[in-house]
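Read through the structure below, which is laid out as structure tokens, and then see the notes.
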There are 2 protein chains.
Amino acid sequence: MNVNPKRFLSNLHELRRIGASGVGKGVVRPAFSETDIAARDWLCAKFSEIGLTPYVDPVGNTFGLAQGKSILIGSHTDTQPEGGWLDGALGVVCGLELARAAMEAGGPAISVVSFQDEEGRFGVTTGSAIWAGTLPLDQADNLTDANGMTFLDARNRMPNRAKEFLDPNIFSGFIECHIEQGPWLHEAAETIGVVTDIVGIRDCTITFGGEQNHAGTTPMHRRKDTFQALSQFSQKINQRFQNVVVPCTVWTIGHVDLHPNAHSVVPGRCCFSMQWRDGDIARLDRMEKIIRETVDEIATEMDMQVTFGPVLGIKPTAMDDHLQAILSNAAGSECAGKWRKMTSGALHDAANVSSLMPTAMLFVPSINGISHDFAEDTNEADLIAGLIVLAKAIEHFGNQ
Amino acid sequence: MNVNPKRFLSNLHELRRIGASGVGKGVVRPAFSETDIAARDWLCAKFSEIGLTPYVDPVGNTFGLAQGKSILIGSHTDTQPEGGWLDGALGVVCGLELARAAMEAGGPAISVVSFQDEEGRFGVTTGSAIWAGTLPLDQADNLTDANGMTFLDARNRMPNRAKEFLDPNIFSGFIECHIEQGPWLHEAAETIGVVTDIVGIRDCTITFGGEQNHAGTTPMHRRKDTFQALSQFSQKINQRFQNVVVPCTVWTIGHVDLHPNAHSVVPGRCCFSMQWRDGDIARLDRMEKIIRETVDEIATEMDMQVTFGPVLGIKPTAMDDHLQAILSNAAGSECAGKWRKMTSGALHDAANVSSLMPTAMLFVPSINGISHDFAEDTNEADLIAGLIVLAKAIEHFGNQ
């Protein structure tokens, strides 16, 4: 099975021209936009051209089906409102080239997929979540985008849609190739990341209730200043996490809402978001314990009310051991000393698909760790290396 | 000169009924509202009753004029949208009782004033600022309240308005009695505060510019998280101010604006307010130096942009030494061991009037330091003590 790097890169650039926008290699192809649908039509034409059967399911997930039981390769072709040219598109075009090369070589059977709305115009990895059954269709249909359009109206814009969802049992496994979106591989000058798990996320809203007061007449010792509570919390958490976290653990206070948010008033209420991510449930638990203890400690010290909102989240998703091993072997033989096992800090369709079949992910570097931005890019050599590692792994998987 | 505490308290309660609202002793009498104008009409009737000549200037400052050169006593009768019953009303009703007692005693000559819009529906101490010339009338006329009404339209609602502003030279000095609005006297179980100065305020907006990024894929060591810059700034400032400040110094971060203010995004921009107040210009300067150095230090350490907005402010205003001495003597003889010299952390009409004539202020306690709230109150004994100290001081001033 011989992949054709030139044909692969040419297809990537052909797809990029659908929705090409902004500076550099920017692309604008949000789910169900005209350019997104055009990209899926382009993909279906390519499927036909190489002998796969195009199949669009009721929510716009776009498949190119091989005959018989096949391994599924892909990702998504929709983008952020202002996206880069690779992101999920890379995984889909990888699938296209691999399917073509396999077809030319007489096997193994490879199907291709571009899931719909991975970027969450309506939800979070909407298309694969519906297929995996974690998001019921009738619930999804009521989801709306930022302009109030419903998912139902949006999916009615997709032509040629099929009557039924595909039975996942026609696939033997799923491999998603994606750019890393973070800086780890780029910083280490490595070429391949074999994903061990997709991190879990926990997210909650915490509110300190203090005392709104005159910023001139209220002495410092009499204040119950909720911004001071927040800033103390943030500093203490940073210190206390030091003994718990690993290098890929992240935590973020990204949303802050002070009341009444005025220069001359001691803020009497502060509502803020606390989000933390890690691949290990036990570590997520330990972090949550520290967060709760620290919030309570500050509330007690500063004589404040505290409300700890519900902790929403997604569990870490482990990738299939066997597929990981095959990908690692292929990476080791093609890119010796230039690859690593790693956690994915971002959510991907693979997290949903993993409940349907054995699933794995392969990363290639993002230059400077940039993604979801027109400036997103990856060196051609790394794109080709990713394709070749995938080809090796699939040959191995297909021969078992 | 014998003041009548019963008559004084009765007048305070009579005035309170104009605009009485909410719970407890709450009052709603914003500048130029129907209740505010009714309170000024009530005051003019009282002036006539005790032999003072009512005089309303073009912006609604309401005087009761004695014959010949007189000392001016007063404050303001307008309130916050939800105010307490004392605030400025106390100083005006003190003036009324003192003028009446002086009239009965055959001297000294006392005039009374209720300035307009001290609470800043349209500006900041608007009426006294226009009289003092710090706010030009044509500029004030264009100021609007929260609903878009102009100051010009508002002042046209005041009946009986005079053609000219009063010549300040008809007054020999101004004394403003006011509730403290802070907790210092209440906490120390003291009765009288003689104000040495009204604090200066400095206020600016500071913006950290970092890097907006994915909260999942951006490792901690690669972040330029502007919320983290703010929280570090706040903690460092608190430490560094320790060696500089005095107990009445205050500083506040009351307004925070993160961008894009989303749970899953490392905030790339953080704009926040920094306000600090102290009675001493040199200390305000030292604090500003620490603020600027700390902001620059953090911006350098975290590789961020920083924008330091214009520093707006009001200089500290010293009260007249001679009037302070007279008030202190009176406080010392009437309330031995129960009074103090102190700074005013809030702005008052006295700050404007001090540019026109010798000016001083007297504070009585606020129970639990509460003000600008329906719950605002002061013990009757303290109200009466304030009146008596003022009477002693004015007798002394009038006899010089």
Side-chain angles (χ1 to χ4, degrees), chain A residues 180-184 187 199 201 203-205 213-223 225 227-228 230-235 238 241 245 247-258 260-267 270 272-275 277 344-347 366 369-373, chain B residues 180-184 187 199 201 203-205 212-223 225 227-228 230-235 238 241 245 247-258 260-267 270 272-275 277 344-347 366 369-372:
Chain A
E180 182 199 337
Q181 304 184 278
W184 295 105
E187 280 189 354
V199 295
I201 304 176
D203 189 298
C204 67
T205 296
N213 233 324
H214 193 300
T217 57
T218 315
M220 302 310 280
H221 77 282
R222 282 284 297 251
R223 295 184 175 199
D225 182 331
F227 170 75
Q228 291 298 323
L230 166 60
S231 96
Q232 231 188 84
F233 168 76
S234 171
Q235 297 298 301
N238 290 349
F241 279 174
V245 297
C248 67
T249 314
V250 292
W251 61 98
T252 308
I253 294 171
H255 179 273
V256 172
D257 182 17
L258 289 189
N261 213 28
H263 289 221
S264 288
V265 185
V266 177
C270 174
F272 64 99
S273 66
M274 178 75 211
Q275 185 186 87
R277 306 193 192 209
S344 168
L347 193 60
S366 296
I370 295 170
S371 177
H372 289 181
D373 189 296
Chain B
E180 182 199 335
Q181 303 183 278
W184 295 104
E187 281 190 353
V199 294
I201 305 174
D203 189 297
C204 67
T205 296
Q212 182 175 324
N213 232 324
H214 192 299
T217 57
T218 315
M220 301 310 278
H221 77 282
R222 283 283 297 246
R223 295 185 176 200
D225 182 329
F227 172 74
Q228 291 298 324
L230 166 61
S231 97
Q232 230 188 81
F233 168 77
S234 171
Q235 297 299 301
N238 289 350
F241 279 174
V245 298
C248 67
T249 312
V250 293
W251 61 98
T252 307
I253 293 171
H255 180 274
V256 172
D257 183 18
L258 289 189
N261 213 28
H263 288 221
S264 287
V265 184
V266 177
C270 174
F272 64 99
S273 66
M274 179 75 211
Q275 185 186 87
R277 306 192 192 210
S344 168
L347 191 61
S366 295
I370 295 168
S371 178
H372 289 181

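All values below come from the heavy atoms of this structure, side chains included, with hydrogens, waters and symmetry mates left out.
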Quiz item: Does B:Pro219 reach the side chain of A:Pro247, with side-chain heavy atoms less than 4.5 Å apart?
Solution: no
Exercise. Please flag which part of B:Ala262 lies under 4.5 Å from any non-hydrogen atom of chain A: side chain, backbone, both or neither.
Key: backbone
Quiz item: How close do A:Ala215 and B:Arg277 get, heavy atom to heavy atom, and via which atoms?
Solution: O-NE, 3.6 Å
Exercise. Would you mind telling me which of B:Cys270, B:Ser264, B:Ser366 has the largest number of heavy-atom pairs within less than 4.5 Å of chain A?
Key: B:Ser264
Exercise. Any chance you could measure A:Met220, atom CE, to B:Cys248, atom SG, to the nearest 0.5 Å?
Key: 12.0 Å
Quiz prompt | Least distance between heavy atoms, A:His263 atom then B:Asp203 atom | solution = ND1-OD1, 2.7 Å
Quiz item: Which heavy-atom pair separates A:Gly345 from B:His214 by the least distance, and what is that distance?
Solution: O-CE1, 4.5 Å
Quiz item: Atom CG in B:Leu347, atom OG1 in A:Thr217: separation rounded to 0.5 Å?
Solution: 12.0 Å
Self-check item: Part of B:Val265 lying under 4.5 Å from any heavy atom of chain A
Solution: backbone
Practice problem: With a 4.5 angstrom heavy-atom cut-off, could you sort out which part of B:Gln181 is near chain A: side chain, backbone, both or neither? | Solution: both
Quiz prompt | Distance (rounded to the nearest 0.5 Å) between A:Leu230 CG and B:Leu230 CG | solution = 8.0 Å
Quiz item: Shortest non-hydrogen contact from B:Arg222 to A:Gly369?
Solution: NH2-N, 4.4 Å
Practice problem: Please look at B:Thr218 and chain A and tell me whether the side chain, the backbone, both or neither of the residue comes under 4.5 angstrom of a heavy atom of that chain. | Solution: backbone
Exercise. Go through the atoms of B:Leu258 and report whether side chain, backbone, both or neither lie under 4.5 Å from a heavy atom of chain A.
Key: side chain
Quiz item: Taking B:Ile370, B:Ile253, B:Val266, B:Asp225 one by one, which has the highest count of heavy-atom pairs under 4.5 Å against chain A?
Solution: B:Ile253
Practice problem: Between chain A and each of B:Pro267, B:Gly182, B:Ser371, B:Ser234, count heavy-atom pairs under 4.5 Å; write down the option with the most. | Solution: B:Ser234
Quiz prompt | Heavy-atom proximity to chain B below 4.5 Å, by part of A:Asn238 | solution = side chain
Self-check item: Taking every non-hydrogen atom, the tightest pair across A:Trp184 and B:His221
Solution: CH2-CE1, 3.6 Å
Quiz item: Which bit of B:Thr249 comes within less than 4.5 Å of chain A, counting heavy atoms only: side chain, backbone, both or neither?
Solution: backbone
Quiz item: Under a 4.5 Å heavy-atom cut-off, does chain A meet the side chain of B:Asp257, its backbone, both or neither?
Solution: neither
Quiz prompt | Residue, of B:Met274, B:Glu187, B:Glu180, that accumulates the most heavy atom pairs under 4.5 Å with chain A | solution = B:Glu187
